[in-house]
Amino acid sequence: MPELPEVETVRRQLAERVTGRAITGLEVRDEKFSSPATPEELAAEVVGRRIVAVGRRGKYLLMRLDSGDDFVVHLRMTGRLHWSAGGPAGDERFVRAVIGLDDGGTLTFSDMRRFGRGWIVPAEPDPEAYWAGRVGVEPLDPGFTPVVLAGLLRGRRGPVKAVLLNQALVAGLGNIYADEALFAAGVHPERSAGDLDRHEVARLHEAIVDRLKVAVEAGGSSIDSYRDSLGNYGSMQDRLRVHLHRGDPCPRCGDTVVKTRVAQRGTYWCPTCQVNR
DNA sequence: CGCGCAACCTGTCTGC
DNA sequence: TGCAGACAGGTTGCGC
């Protein structure tokens with residue numbers, strides 16, 4: 001499922017290919033894509049506009065338009081944004097929207113489960129107010145430090161994994177990289193967030209940054225449906241240490257990786273390396 | 001405010 | 001073999 005590394009991979013590819021292009025058409029094939037706005041309302045904001053930059057906030061992909069507005073796309077679980085030099089691409093059954101570009105290229109949004117959306121965050125009056133309640137610190141920005149992480153964990157009694165999944169606190173971690181970061185840090189996913197000592201917080205901070213950086217370099221994890229914007233697989237799925245590895249030996253100690261439910265999510269961890277003290 | 005949980009979807013897996 | 005139900009998980013919204 002697309003998390004920060006997958007969205008960042010798509011962002012980099014699109015930045016190279018669509019920056020400077022004008023949007024010549026928006027064909028919405030599934031009205032859920034633009035909802036609650038109508039397809040006509042969304043098209044009115046994007047058609048004729050030029051894409052001046054491609055950015056990212058957590059798992060949100062942002063195409064900055066020359067109007068100053070952001071055309072935001074969220075892939076949710078099974079969304080794909082596919083760029084092609086010619087016409088629409090991707091699995092015809094699941095194509096939800098087709099964006100035409102002035103060089104003849106096409107961005108095709110497909111999404112089996114129909115959770116993904118595209119919408120406008122207007123430049124006025126205050127886009128930051130829109131993001132403030134949704135996305136927290138960017139874990140690959142210099143502003144993400146052990147002290148900042150400690151502040152986010154402080155006073156919270158819920159499981160530390162729930163904090164990592166909360167986009168309003170740390171932006172971009174999902175179920176895959178939360179599991180991987182907790183394993184790399186040697187922290188049990190159900191540890192009460194506020195109970196971590198400063199050494200554990202430091203290890204967790206380092207693990208989050210490291211796992212995300214490695215995953216970005218690997219082009220993300222292609223589990224189930226994820227492909228990048230050129231239709232290629234990532235390779236991080238081959239380097240996951242515990243996620244999806246129930247029953248396999250822990251790569252560190254050899255004990256058996258287990259799967260339980262934490263924060264309403266399937267959670268993979270090592271009972272020896274991640275002790276809930 | 002913090003936390004848990006249902007809902008949104010549909011293809012695939014699991015168990016009887 | 002077939003079919004019902006569980007499962008997958010990012011985000012929103014509601015209830016306590």
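In what follows, every chain begins at residue 1, and chains take the letters A, B, ... in the order their sequences are listed.
Within 4.0 Å of A:Arg93, counting heavy atoms only, lies no atom of the nucleic acid at all. When heavy atoms are screened at a 4.0 angstrom cut-off, A:Gly266 is found touching the sugar-phosphate backbone but no base atom.
Comparing B:dG11 with C:dT12, their C1' atoms are spaced 23 Å from each other, to the whole Å. B:dC5 and C:dC7 have their P atoms separated by 14 Å, given to the nearest Å.
Nucleotide B:dT10 holds its P atom 9 Å from the CZ atom of A:Phe115, rounded to whole Å. C:dA6 atom P lies 17 Å from atom CD of A:Gln264, rounded to whole Å. Between the CG atom of A:Asp30 and the P atom of B:dT10 there is a distance of 9 Å, rounded to whole Å. As a whole-Å value, the separation of A:Asp91 CG from B:dT10 P is 14 Å. Atom NZ of A:Lys161 is separated from atom C1' of B:dC3 by 17 Å (rounded to the nearest Å). Residue A:Arg113 contributes atom CZ, which lies 9 Å from atom P of C:dG9 at whole-angstrom precision.
Within residues 170-181 of chain A, the residues having any heavy atom closer than 4.0 Å to DNA chain C are, in order of number, A:Gly174, A:Asn175.
Donor-acceptor pairing under 3.5 Å is recorded for the side chains of A:Glu6 and A:Tyr177. Inspection of the A:Tyr226 and A:Arg80 side chains reveals no N or O donor paired with an N or O acceptor under 3.5 Å.
At the phosphate of B:dT10, OP1 or OP2 sits under 4.0 Å from a side-chain N or O atom of A:Arg114. The shortest distance between the side-chain N/O atoms of A:Gln167 and the OP1/OP2 oxygens of C:dG10 is not below 4.0 Å. For A:Lys59, a side-chain nitrogen or oxygen approaches OP1 or OP2 of C:dT11 to under 4.0 Å.
Distance check: A:Arg211 CZ to A:His243 NE2 gives 14.0 Å after rounding to the nearest 0.5 Å.
Annotation: cation-pi geometry not satisfied between A:Arg29 and A:Phe33 (NZ/CZ under 6.0 angstrom from ring centroid, within 45° of ring axis).
For A:Arg265 against C:dG10, a side-chain-to-base donor-acceptor contact under 3.5 Å is present.
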